[in-house]
Amino acid sequence: MTVSSGLAFVPLPIAPTYNATKAAIHSFTESLLVQLADTRIEVLELVPPAVHTALTGQEDSETAMPLDAFLDEVMSILGSGGQPDEFLVKAVTGAVRRGPR
């Protein structure tokens with residue numbers, strides 16, 4: 001499992017290097033999926049949204065997802081089995097589908 005970010009798809013202008021590295025992780029994961037398609041190796045990509053953490057000062061952000069809710073959703077997805085190769089946490093799906101503003 002790799003962990004990219006919604007910022008791989010909809011970049012945040014103040015974090016160009018972070019956006020680029022997450023986009024690279026997404027591309028790398030896509031390549032692994034193709035390379036390992038005929039093997040028993042499962043390749044997954046987790047695409048989280050902004051999460052309440054102190055890492056970027058988002059612990060009180062109204063637009064960031066609460067950490068407990070994020071962890072609960074990820075564990076639920078992983079526990080359900082049969083998840084897609086790429087799974088977007090619900091809070092990130094709207095931003096990814098909307099695209100840049």
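No hydrogens, no waters, no symmetry mates; every other heavy atom, side chains included, goes into these values.
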Closest non-hydrogen atom pair between L46 and M1, with its separation = CB-SD, 4.1 Å
Evaluate the criterion side-chain contact (heavy atoms from CB on, under 4.5 Å) for residue pair E73 and M65; output intermediate values, then yes/no.
-> CA-CA 11 Å; E73 185 174 342; M65 185 176 192; 3.3 Å; yes
Backbone N/O of L12 and side chain of N19: donor-acceptor pair under 3.5 Å | yes
Contacts of type side chain to side chain donor-acceptor pair (under 3.5 Å), residue Q35, not counting sequence neighbours = none
Mind checking whether V47 and H26 have side chains closer than 4.5 Å, heavy atoms only?
-> no
Are V34 and I25 grouped together when hydrophobic residues (ILVMFWY) are joined by side-chain heavy atoms under 4.5 angstrom apart?
-> no
Measure the shortest side-chain to side-chain distance between E59 and T53 over non-hydrogen atoms and say whether it is less than 4.5 angstrom.
-> no
Pairing residues for T2 by the side chain to side chain donor-acceptor pair (under 3.5 Å) criterion, not counting sequence neighbours | T29
Pairs satisfying side-chain hydrogen bond (donor to acceptor under 3.5 Å, both in side chains), at least one member in residues 62-72, at least two apart | S61-T63
Is there a donor-acceptor pair under 3.5 Å between the side chain of H52 and the backbone N or O of A64?
-> yes
What distance separates S4 OG from K22 NZ, expressed to the nearest 0.5 Å?
-> 7.0 Å
Can you tell me how far the CG atom of L32 sits from the OG1 atom of T39, to the nearest 0.5 Å?
-> 10.0 Å
Give, for atom CD of E45 and atom CD of E30, the distance between the pair rounded to the nearest 0.5 Å.
-> 6.5 Å
Report yes if the side chains of P11 and Y18 come closer than 4.5 Å at any heavy-atom pair, otherwise no.
-> no
